[in-house]
Amino acid sequence: MSSTIVIEQMCVILILVSIGVYLYKRKIVDKTVSQRISVIIIDICNPAMILASALSGGIKAGHKELLTAILIGFAFYLGLVILGALIPFILRSGKASRRFYTMMTVYTNIGFIGIPVTKALLPEKAMLYVVICNVIYALLFYTHGITVLSEGREKMNLKNVFSPGTIMAVISLLVIWFDLKPPAVISSSVSHIGNATVFLSMALLGVNIARSKVGEGFRDIRLWGFILIRLIMVPVGVFFLLRAVGCKDVMVLGFSLMAMMPVGNLPLIQAEKTGEETETLSKAIAMTTLVSMATITLLMILFTSKGIGITI
């Protein structure tokens, strides 16, 4: 992939995001509509896009390769959990906000943003690594995540792991593992539903950016330190580590792209649900989402440049 293609695809994404900003400014999409569209994306469109990728035949992986990817996925999140425990001390955050920085480090937006961006930038096979990350993410959030966020007051809830997205991700892994071929009417229907994901999710991202107080985040020096570590140093580390252990190029780029994702919404939703302070999370989501448009573009150009040697 040339740098021109990366820039072109990111420009497409920015145009779609701009449409969302326009829709919010014209009061066509408000907070209520935004919440309802979010449910459609998270529970219907995103899961359909994941399954459509598996059914299309574009994801070809032998059992050994699939198991290797799953092991790397668990290692990837183990590393994020360890970093999440360390980063509040690295950034010298106050005791009250340490758990938020831990959540921000581990639980990024690999679904809402990660799925459509992967679809736009990488070959279809890369969706396999997105699927794996989404399954592990769900397992972690409702065990490790809610425990950290509530400081042990709230118990793990494995029932919440089984969201439509997680269920569809598991089904997709089974489709790939057993090379299942459903009737054409099923594949076609799932594909049409999944095709709506990129536009809806990117437009809604624009709505969320327009609603947020991005300016406050830009004045937070500690947040800039977080961005340097989490959105730049971590992806670079993942890239070169996976290259060093001999992973295939698409796998390297897939996991590296997942490491570039901005802070996710799920920790904020959980914090609001339990009455926690949400200012730190809100600023981080808005700022990292906006900055990630630049960091993803620059890092993907770097990772696919001739000097690095990645070709897809």
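Start at 1 with the first residue, then count along the sequence. Hydrogens, waters and symmetry mates play no part in the numbers below; they use all other heavy atoms, side chains included.
For Leu71, there are no side-chain contact (heavy atoms from CB on, under 4.5 Å) partners at least two apart in sequence or on another chain. Checked against salt bridge (charged side-chain N to carboxylate O under 4.0 Å, His left out), Arg98 has no partners two or more places apart in sequence or in another chain.
Side-chain contact between Trp224 and Phe218 is present, with at least one heavy-atom pair separated by less than 4.5 Å. A 4.5 Å side-chain heavy-atom check between Ser292 and Met261 finds every atom pair outside the cut-off. When side chains are defined from C-beta on, Pro182 counts as touching Leu55, because their heavy atoms get closer than 4.5 Å. Proximity of Leu140 to Tyr107: side-chain heavy atoms (C-beta onward) are separated by under 4.5 Å at one or more points. When side chains are defined from C-beta on, Phe100 counts as touching Leu149, because their heavy atoms get closer than 4.5 Å. Side-chain atoms of Val250 and Leu122, non-hydrogen and from C-beta on, never get closer than 4.5 Å to each other. Looking at heavy atoms from C-beta onward, Met260 lies out of side-chain contact with Ile232 at the 4.5 angstrom threshold. Side-chain contact between Ser93 and Phe226 is absent, with no heavy atoms from C-beta onward closer than 4.5 Å.
In summary, the side chains of His144 and Tyr77 do not present any donor paired with an acceptor at a separation below 3.5 Å, with no hydrogens or angles considered.
Residues Ser256 and Phe303 approach most closely at CB-CE1, 4.0 Å, considering heavy atoms. Across all non-hydrogen atoms, the minimal contact from Phe141 to Met103 is CE1-CE, 3.5 Å.
Considering Thr288, Val291, Leu205, Thr295 as possible partners of Pro262, the one that fulfils the side chain to side chain contact (heavy atoms under 4.5 Å, CB included) test is Thr288.
Panel note: side chain Thr102, backbone Gly84; a donor-acceptor pair is recorded below 3.5 Å.
Ring geometry for Phe76 versus Phe255: interplanar angle of 30 to 60°, hence tilted.
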TODO: Start with the C-alpha distance between Lys119 and Glu124, add both sets of side-chain angles, then the distance that settles side-chain contact (heavy atoms from CB on, under 4.5 Å), and finish with yes or no.
DONE: CA-CA 7 Å; Lys119 179 78 171 178; Glu124 196 164 19; 4.2 Å; yes
